Structure formats: structure tokens, C-alpha cells
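So that the names make sense, note that chain A is the first sequence line, chain B the second, and so on, each numbered from 1. Note that the coordinates shown come from a computational prediction; the quantities given were computed from them, not determined experimentally.
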Number of protein chains: 2
Amino acid sequence: MWGRQPVQDECVMTTETMTIRQMCDAFGVTARTLRFYEAKELLFPQRHGTRRLFTRQDRARLTLVLRGKRFGFSLEDIRQLLDMYDRDGSNAAQLTRTFQLAEARLHQMEAQRTELDVAIAELKSEMDKTATLLAGFRRAAE
Amino acid sequence: MWGRQPVQDECVMTTETMTIRQMCDAFGVTARTLRFYEAKELLFPQRHGTRRLFTRQDRARLTLVLRGKRFGFSLEDIRQLLDMYDRDGSNAAQLTRTFQLAEARLHQMEAQRTELDVAIAELKSEMDKTATLLAGFRRAAE
DNA sequence: AGCGTGCTTTACCTTAACGTAAATGTAACG
DNA sequence: CGTTACATTTACGTTAAGGTAAAGCACGCT
């Protein structure tokens, strides 16, 4: 009735590779997002003809990308962090550079945490004032 | 509405009004920012000829704007809060609304901090791995 | 052969909070 | 009067993370 999904006889769900739509469904992102991430060198899907085939590695990377995004990091930050997870450039110089990148990121994150703590404390203080005012109003209303 | 200021023909340096540059120095913002905030109806400086003169109210409002920004509110959110306050800041219903907005924002910020803590822990863990690898390389290099 | 559907690329659109540049104005100093 | 030092308006530029539209392949089915 509706167009049935073309059943791939040979490439049966080995979970080896996934089409773009399978990725969208699996991760809850749009196709545009996956293509965008490829353009930004966050993912490196293979091609079968013109079609993208996302590998196990792409899925692992995408998981990390989405986690990083939840933490509020930019895609560029994430790309650099992914290079750290990919310690395939296993020479000491590369690892050292990677480590330094991570260290810088860590400092940024800790600074961000400190700022967030300050902001939270300030906001709480402001809310206390407002709450006090409100309490006064409610007493006056009786 | 809140108090009119004395007409000043001579440019006496009262603390009543400030030029744009005095404002920049006092608040650590650029002139572009002040003009932008005026365009966005966050500030309402008077004019002396073509020049802006920022009043005590403007300074109070700018203080609130900058505080709101530290809390992560958008300028549009801030404008609405300021407008509410202007219309009838001493209205219990509006104070309640303000409080609720602040509460929601506080929850967001606390959630953000929790996630940030997780991310920091994970990153530290990855850095440990990298450091261990590096130590191995350095031993091998001797 | 035709149809429907999915995938592809190319390319312009969006939002926030300003930055930056150009052209012009004006006020004070010397 | 000229120069200097700000001030003003207008208007286009920037960045991030995609959205959206257009138009063309590439199939599998009938």
C-alpha cells in the first residue's frame, strides 16, 4: 500500500553500516545535521555509490558529539575532543598536543563551572529578596 | 513618571546624567552596546541636542540588564521583565511572575552545572588514559 | 515506461548580540 | 579658523548550528 522500504537482501542489519535514515531514527537527528557534521569533519561515512553509509565508528563519534552538545560545547570544541578520543595518531608528539588541548578544555570547563556557581548564588540571592517582598505583600493582603 | 530631573542648561557635572563615554567607563560596555540597548528599548536616554544623556534610571536599568545577562537571560526576556517592573513593580502578581521566571532559569543553570560536572569527570578520565600512554612512550624512548 | 520515494548537492535563510566602517556633525581648544 | 576629539546615524558584517528550498540522480515496483 504505502511504498514498502526496499529490503536489503545482502546488507542485512549486520549493524555494520547504517543508511542516513537509520541514523536519524537511531539518534533522533535530521539528515541535514548528519551531512552538516560530515562537512565539519565530525563524521566520516563511507559511500556506496552516492549514498552515505555510516559505520560503527561514526555511530560512536556521533554519540560523543551529542553528549558534548548537551554539555554546551561548540562543534569545533567537540571536533578537537574527538581527536583525543581517536588516539590513533599514536606518536608521542601527537599525544602530547592532544593532552594539552584537553588540559585547556578542562580549564575552560572549570572556569565555566565557577562562573555558573557565582551566577547561581547571585540568582538565589535575588530570589530571596523577591520572596521576602512577596511574603510582605501576602501578609498585607490579609 | 519616576521623577523628573532638573533642567540643566550648563553642563555641570552633577551625577544626574552621564555621557555615553562616562557610561562606557562606568559599566565596562561599548558605546555600540548602549546604542543597541536603546534601540532594543532597554534604555531611554534623554537628548541634549543630538547627544545622549543617560539618567539615573538608565543606570539602574543597565545594572539590571547586565545582571540579567550574567544569569543567561536573553535581552528580550530582560526587556519584558523591565517593562513589567516599570508598569507596576509593586504588583504581587508580577513579582510572582518574575520569581517563577527566575526559578525556571535557576533550574536550568543547576542542570547545566550537573552536566558540566559529569563532562569534567569524563574528560579527566580520558586525560588520565592519555597521560598513561604518554608515560609509556617516554619510557620506551630511553 | 512511468511512478514514488529516498538520497544527493547547491545554495540561500535564520537568530542574537553586537562589531565595524563610512560619512557626517559639533564642540572645545589653540 | 583649523584641528582634534568625540558624537551621531546608517548599514552591512559576523558567528553557530543548522533549516529550508530547489532540482537532479537512482532505485525498485508495476
Side-chain angles (χ1 to χ4, degrees), chain A residues 1-12 17-54 58 61-62 64-82 108, chain B residues 8-13 17-54 58 61-62 64-82 105:
Chain A
M1 195 171 215
W2 326 96
R4 212 54 281 229
Q5 204 88 0
V7 181
Q8 304 175 353
D9 44 355
E10 209 60 38
C11 193
V12 181
T17 64
M18 287 169 68
T19 70
I20 202 169
R21 193 111 318 268
Q22 288 173 324
M23 289 289 284
C24 293
D25 295 345
F27 288 91
V29 298
T30 69
R32 177 66 175 95
T33 295
L34 293 174
R35 297 189 190 108
F36 182 73
Y37 288 174
E38 183 186 7
K40 290 284 174 181
E41 302 189 289
L42 292 165
L43 303 176
F44 305 95
Q46 301 176 333
R47 295 301 177 110
H48 179 64
T50 80
R51 277 85 189 280
R52 288 169 178 82
L53 287 180
F54 294 85
D58 290 315
R61 292 176 72 93
L62 180 54
L64 295 175
V65 169
L66 296 180
R67 182 188 302 162
K69 267 175 56 69
R70 283 206 318 279
F71 298 156
F73 300 122
S74 72
L75 292 185
E76 175 55 21
D77 289 341
I78 292 170
R79 195 185 59 76
Q80 291 177 14
L81 285 174
L82 278 179
Q108 282 179 33
Chain B
Q8 50 178 49
D9 353 323
E10 293 298 306
C11 196
V12 184
M13 243 299 281
T17 63
M18 288 168 67
T19 71
I20 201 168
R21 193 111 319 266
Q22 289 173 324
M23 288 290 282
C24 292
D25 294 346
F27 288 91
V29 298
T30 68
R32 177 68 175 93
T33 296
L34 294 174
R35 297 190 190 106
F36 182 72
Y37 288 174
E38 183 186 6
K40 290 283 173 181
E41 302 189 292
L42 291 165
L43 303 176
F44 305 95
Q46 301 179 328
R47 296 301 177 109
H48 179 63
T50 80
R51 274 81 188 280
R52 288 168 178 81
L53 287 180
F54 294 85
D58 290 315
R61 291 176 72 92
L62 181 55
L64 294 175
V65 170
L66 297 180
R67 182 183 299 160
K69 269 174 58 71
R70 280 205 311 283
F71 296 159
F73 289 109
S74 72
L75 292 185
E76 176 56 22
D77 288 343
I78 294 171
R79 192 186 61 77
Q80 288 177 17
L81 286 174
L82 285 177
R105 183 66 198 137

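The distance from atom CZ of A:R47 to atom P of C:dG6 is 19 Å, rounded to the nearest whole Å. Note: CZ (B:R35) to C1' (D:dA7) measures 7 Å, nearest angstrom. The nearest whole Å value for the distance from the CD atom in A:E38 to the C1' atom in C:dT9 is 12 Å. Atom-to-atom, CG of A:L53 to C1' of C:dG6 comes out at 14 Å; the value is rounded to the nearest Å. Between B:I78 atom CD1 and C:dA16 atom P the separation is 13 Å, expressed in whole Å. Across the protein-nucleic acid pair, B:Q22 atom CD and D:dC6 atom P stand 13 Å apart, rounded to whole Å. Atom-to-atom, CD1 of B:I20 to P of D:dA5 comes out at 19 Å; the value is rounded to the nearest Å. Look at CD on B:Q46: it is 14 Å from P on D:dT8, rounded to the nearest Å.
The phosphate of C:dC7 (OP1 or OP2) has no side-chain N or O of A:R52 nearer than 4.0 angstrom.
Every residue meeting the side chain to side chain contact (heavy atoms under 4.5 Å, CB included) condition with B:L81, not counting sequence neighbours, appears here in chain and number order: B:M84, B:T98, B:L101. For the side chain to side chain contact (heavy atoms under 4.5 Å, CB included) test, residues two or more places apart in sequence or in another chain that qualify with B:D77 are B:F73, B:S74. Here B:T19 pairs with nothing under the side chain to side chain donor-acceptor pair (under 3.5 Å) rule; sequence neighbours left out. Judged as a salt bridge (Lys or Arg N to Asp or Glu O under 4.0 Å), and not counting sequence neighbours, the contacts of A:R79 are A:E76, A:D83. When the side chain to side chain donor-acceptor pair (under 3.5 Å) test is applied to B:R51, no partner is found at least two apart in sequence or on another chain. Under the rule for a salt bridge (Lys or Arg N to Asp or Glu O under 4.0 Å), the partners of B:R67 that lie at least two apart in sequence or sit in another chain are A:E126.
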Write out a two-atom table: protein N or O, nucleotide N or O from nucleotides 22-24 of chain D, distance below 3.5 Å.
none

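Rounding to the nearest 0.5 Å places CG of A:L82 at 4.5 Å from CZ of A:R61. To the nearest 0.5 Å, atom CG of residue A:L42 and atom OG1 of residue A:T33 are 11.5 Å apart. The distance from atom CZ of B:F54 to atom CG of B:L62, rounded to the nearest 0.5 Å, is 8.5 Å. B:F27 contributes atom CZ, which lies 9.5 Å from atom CG of B:D58 (distance to the nearest 0.5 angstrom). How far OG1 of B:T30 is from CZ of B:R21: 8.5 Å, rounded to the nearest 0.5 Å.
For the helix from C:dA1-D:dT30 to C:dG30-D:dC1, the angle separating the two terminal helix axes comes to 30°, with each axis derived from five pairs and the value rounded to 10°.
Pairs engaging residues 26-44 of chain B under the salt bridge (charged side-chain N to carboxylate O under 4.0 Å, His left out) rule: B:E38-B:R47, B:E38-B:R52 [sequence neighbours left out].
Between B:C24 and B:L34 the shortest heavy-atom distance is SG-CD1, 3.9 Å. Heavy-atom minimum distance, B:F71 versus B:R105: O-NE, 2.6 Å.
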Could you encode protein contacts along nucleotides 23-28 of chain C as a string, one character per nucleotide from 5' to 3', using B for base contact, S for sugar-phosphate-only contact and - for no contact, with a heavy-atom cut-off of under 4.0 Å? --B---
With B for base contact, S for sugar-phosphate-only contact and - for none (protein heavy atoms under 4.0 Å), nucleotides 13-18 of chain D reads ----BB
